[in-house]
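Both backbone and side-chain heavy atoms feed into the values below; hydrogens, waters and symmetry mates do not.
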Amino acid sequence: MVSGTAIDLVKNELPVDEESVTLTGDVPIGLVLVDIVNGFCTVGAGNLAPKVPDKQISRMVDESAQLARMFCEKKWPVFAFLDTHHPDVPEPPYPPHCIAGTDEANLVPALEWLENESNVTLRRKDCIDGFVGSLEKDGSNVFVDWVKKHQIETILVVGICTDICVLDFVCSALSARNRGHVIPLKDVIVYSGGCATFDLPLHVARNIPGALAHPQELMHHVGLYMAKSRGAKVVSKVSFAASKKA
């Protein structure tokens, strides 16, 4: 386990100054949910699921579900990635996970209702980076098309894992924005309380061939830091207010 002193040192040397954001709908916004599926979030659901209840992951699910409810009540667009893999196509360095056709690849119970919402787009992806996973054989991109269809200028990103799938998607979305490939997207916001990652302490990783230690709190912070360093806004509070145009 990484000591509190070590984590504090990293946070002091690599600070993430988090902001707050108030959503009114005056600027077209979309919610992006990254891989909030059983295989990553539900205790005992698979090789990469938590073995015991995890506070950070539980909070991420709760916060994401609350945001999804608000967005759906307002009929604002929601885009949900679902990690889904063919059983014969490995994704090194990870063990088999979120196999297509199993409950691992489905949304957690708190978000299952999204499947019936008209403002929600679901995208099953078979790679870490959801932006890449949105590519179609004809070269089109489902995420890019979603942004253009709804004329989204800001996306609010939540999900798991902060430093892996969330970070990769955020970095790709920012790069695409910078190159003018995802017009009219301007801002990418990551809500820290709506993100989580897994915990694999060093003493456990040492007994798993090829595994790397992955201390949860430290890597969550690193993921947020890297997202902000790439140009994302990181917020610790999300609130809603009436439109100023009303």
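Atom CD of Glu217 and atom CG of Asp8 lie 8.0 Å apart (nearest 0.5 Å). Distance OG1/Thr121 to CH2/Trp146: 7.0 Å, rounded to 0.5 Å. We find the CZ-CG distance between Phe131 and Leu174 to be 10.5 Å, quoted to the nearest 0.5 Å. Remark: Leu67 CG to Asp62 CG distance equals 11.0 Å, nearest 0.5 Å. Distance check, rounded to the nearest 0.5 Å: CD1 of Ile29 to CG of Leu23 gives 4.0 Å. Rounding to the nearest 0.5 Å places CG of Leu48 at 7.5 Å from CZ of Phe198.
Two residues are said to be in side-chain contact when any heavy atoms from C-beta on lie closer than 4.5 Å; Leu167 and Thr162 fail this criterion. Considering only heavy atoms from C-beta on, Leu33 stays 4.5 Å or farther from Leu107 through its side chain. The closest side-chain heavy-atom distance from Glu63 to Val158 is not below 4.5 Å. Residues Asn38 and Cys98 fail the side-chain proximity criterion, which asks for heavy atoms closer than 4.5 Å. For the pair His181 and Val144, the minimum side-chain heavy-atom distance is 4.5 Å or more.
Remark: the backbone N or O of Thr197 is paired with a side-chain donor or acceptor of Gln216 at under 3.5 angstrom. Under the 3.5 Å distance criterion, the side-chain polar atoms of Arg177 are left unmatched by any main-chain donor or acceptor of Val182. When atom types are taken as modelled, the side chain of Glu13 and the backbone of Val10 share no donor-acceptor pair closer than 3.5 angstrom. Using a distance-only test at 3.5 Å, with no hydrogens or angles considered, a donor-acceptor pair links the side chain of Asn47 to the main chain of Pro96. The backbone N or O of Ser172 lies less than 3.5 Å from no partner atom in the side chain of Ser175, so there is not a single donor-acceptor pair.
Between the side chains of Ser239 and Thr22, at least one donor-acceptor pair of N or O atoms lies under 3.5 Å. Between His97 and Asp83, the side chains place a donor N or O and an acceptor N or O closer than 3.5 Å (distance only, hydrogens not considered). Counting only N and O atoms by type, the side chains of Asp163 and His214 include a donor and acceptor under 3.5 Å apart. Judged purely by distance below 3.5 Å, without hydrogens or angles, the side chains of Asp199 and Gln56 never pair a donor atom with an acceptor atom.
Closest of all the heavy-atom pairs between Ile99 and Ala105 is O-CB, 3.8 Å. Here the closest heavy-atom approach between residue Met60 and residue Ala196 is recorded as CB-CB, 3.7 Å. Of all heavy-atom pairs between Val142 and Glu136, the closest is CG2-OE2, 3.5 Å. Pairing each heavy atom of Phe71 with each of Pro77, the nearest pair is CD2-O, 3.8 Å. The two residues Cys41 and Val61 have their closest heavy-atom pair at CB-CG2, 4.2 Å. Scanning both residues, Leu135 and Arg123, for their nearest heavy atoms gives O-NH2, 3.4 Å.
A continuous path of ILVMFWY side-chain contacts below 4.5 Å connects Ile189 to Val78, so both sit in one hydrophobic cluster. Leu114 and Trp76 fall within a single hydrophobic cluster, where Ile, Leu, Val, Met, Phe, Trp and Tyr are joined by side-chain heavy atoms under 4.5 Å apart, directly or via other members. Cluster membership for Val147 and Phe79, using ILVMFWY side-chain heavy atoms within less than 4.5 angstrom, is shared. No continuous path of hydrophobic side-chain contacts links Ile160 to Ile155 [ILVMFWY only; heavy atoms under 4.5 Å]. When the side chains of ILVMFWY residues are joined at heavy-atom separations under 4.5 Å, either directly or via intervening members, Val21 and Val27 end up in two distinct hydrophobic clusters.
Among Arg124, Lys125, Glu104, the one residue that satisfies the side-chain hydrogen bond (donor to acceptor under 3.5 Å, both in side chains) test with Thr84 is Arg124. In summary, of the residues considered (Cys171, Cys161, Cys195), a side-chain contact (heavy atoms from CB on, under 4.5 Å) with Val166 occurs for Cys195 alone.
In Lys55, the NZ atom is not crowded: 12 or fewer heavy atoms of neighbouring residues, nucleotides or ligands sit closer than 6.0 Å.
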Glu115 vs Leu122, side chain to side chain contact (heavy atoms under 4.5 Å, CB included): CA-CA, chis, key distance, verdict:
CA-CA 8 Å; Glu115 298 176 4; Leu122 301 179; 3.8 Å; yes

Full working for side chain to side chain contact (heavy atoms under 4.5 Å, CB included) between Glu117 and Lys75
CA-CA 9 Å; Glu117 296 293 321; Lys75 297 301 180 183; 4.1 Å; yes

Apply side chain to side chain contact (heavy atoms under 4.5 Å, CB included) to residues Ile128 and Cys165 and explain how you reach the verdict.
CA-CA 5 Å; Ile128 295 171; Cys165 295; 3.8 Å; yes

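Comment: Lys228 does not engage Asp17 in a salt bridge, judged by the lack of any side-chain N to carboxylate O separation of less than 4.0 angstrom.
Under the 30°/60° scheme for interplanar angles, the aromatic rings of Phe143 and Phe81 are found to be tilted.
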